[in-house]
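Since this is a predicted model, take the numbers as computed values, not measurements.
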Amino acid sequence: MGTQALGRAGEDFAAAWLQDRGFLVIERNWRCQRGELDLVATDAQTGELVAVEVKTRAGTGYGHPAEAVGRDKLVRLHALLNAFAAQQDVSGRSLQRARRRVDVLALLWPHGASAPTAIDHYLGVIP
């Protein structure tokens, strides 16, 4: 599986994995001029609006997948989530006042494996 296919498979897996844990995925690959959010969801347990950055790697040769999300990326993700909230209305409910957080979901998915062999979910990651 190539890098782009692995990334797509990781995002598909992440969306289903989050939904199984009580998240409602409301947007995938949301884009604006400043960038993209992989997944935007609401966390049923906390009511928070969550941007989920999904990082999928076949191995750790370049470090753990979560290490690819540095400070600059996190600053951008928080700004993008604020931009998303300002533009959206889901089920007649404004998201502008919802508490927000950015999560990172790191997946290790070795070549030939049918699913990730390691899943690390980091909640509320701040720059």
Side-chain angles (χ1 to χ4, degrees):
M1 187 176 336
T3 303
Q4 285 183 331
L6 182 62
R8 266 192 312 277
E11 286 181 13
D12 290 342
F13 178 89
W17 189 87
L18 289 165
Q19 287 176 331
D20 287 347
R21 282 149 186 81
F23 287 73
L24 173 63
V25 176
I26 56 177
E27 191 76 41
R28 293 184 63 172
N29 304 114
W30 180 82
R31 292 184 176 140
C32 71
Q33 288 179 314
R34 293 183 278 174
E36 175 184 350
L37 295 173
D38 292 339
L39 300 172
V40 181
T42 55
D43 183 338
Q45 291 182 348
T46 66
E48 292 171 304
L49 180 65
V50 184
V52 182
E53 178 69 9
V54 181
K55 288 296 177 190
T56 308
R57 300 286 184 267
T60 58
Y62 293 101
H64 188 275
E67 293 177 43
V69 185
R71 183 188 182 288
D72 291 346
K73 176 80 170 185
L74 287 168
V75 167
R76 188 170 53 254
L77 291 171
H78 282 272
L80 287 168
L81 184 57
N82 289 335
F84 175 85
Q87 293 180 6
Q88 302 299 314
D89 217 70
V90 175
S91 302
R93 185 182 79 142
S94 174
L95 295 175
Q96 291 181 5
R97 294 183 188 215
R99 286 186 13 210
R100 300 173 199 145
R101 73 173 198 247
V102 172
D103 291 1
V104 175
L105 190 60
L107 307 174
L108 280 176
W109 198 328
H111 295 293
S114 60
T117 57
I119 303 164
D120 293 304
H121 186 191
Y122 302 94
L123 286 75
V125 183
I126 55 173

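E67 has its side chain out of reach of V69: every pair of non-hydrogen atoms, C-beta onward, lies at least 4.5 Å apart. Looking at D38 and K55, their side chains never come closer than 4.5 Å, going by heavy atoms from C-beta outward. Counting heavy atoms from C-beta on, the side chains of R8 and T56 never come closer than 4.5 Å. Looking at heavy atoms from C-beta onward, V125 lies in side-chain contact with L74 at the 4.5 angstrom threshold. Proximity of P116 to L108: side-chain heavy atoms (C-beta onward) are nowhere separated by under 4.5 Å. Residues Q87 and W30 meet the side-chain proximity criterion, which asks for heavy atoms closer than 4.5 Å. Side-chain contact between V52 and V54 is present, with at least one heavy-atom pair separated by less than 4.5 Å. Between L18 and L39, the closest side-chain pair of non-hydrogen atoms falls below 4.5 Å.
When all heavy atoms of R101 and D103 are compared, the pair lying nearest together is NE-OD1, 2.7 Å. Scanning all heavy atoms of the two residues, the minimum distance from R57 to L6 falls at C-CD2, 3.9 Å.
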message = Before you tell me yes or no, could you show the steps for L105 and Y122 under side-chain contact (heavy atoms from CB on, under 4.5 Å), namely the whole-Å CA-CA distance, both residues' side-chain angles and the distance that decides it to 0.1 Å?
response = CA-CA 6 Å; L105 190 60; Y122 302 94; over 6 Å; no
ask   = What's the verdict on side-chain contact (heavy atoms from CB on, under 4.5 Å) for L80 and R34, showing C-alpha distance, side-chain angles and the deciding distance?
value = CA-CA 7 Å; L80 287 168; R34 293 183 278 174; 3.9 Å; yes
message = With side-chain contact (heavy atoms from CB on, under 4.5 Å) as the criterion, how do L49 and R99 come out once you've worked through the C-alpha distance, each side chain's angles and the decisive distance to 0.1 Å?
response = CA-CA 6 Å; L49 180 65; R99 286 186 13 210; over 6 Å; no
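Rounding to the nearest 0.5 Å gives a distance of 7.5 Å between CG of D43 and CG of L123. To the nearest 0.5 Å, the span separating CH2 on W109 from OG on S114 amounts to 8.0 Å.
Using modelled atom types, no side-chain atom of H64 and backbone atom of A106 make a donor-acceptor pair closer than 3.5 Å. Put simply, the side chain of T46 gets close to the backbone of E48: a donor and an acceptor are under 3.5 Å apart.
Here K73 pairs with E53 in a salt bridge; the nearest charged N to carboxylate O distance falls below 4.0 Å.
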Identify each donor-acceptor pair in which a side-chain atom of residues 21-28 lies under 3.5 Å from a protein atom, sequence neighbours left out, and give them as a table.
residue, atom, partner, partner atom, Å
R21, NH1, W17, O, 3.0
R28, NH1, D12, OD1, 3.2
R28, NH2, D12, OD1, 2.5

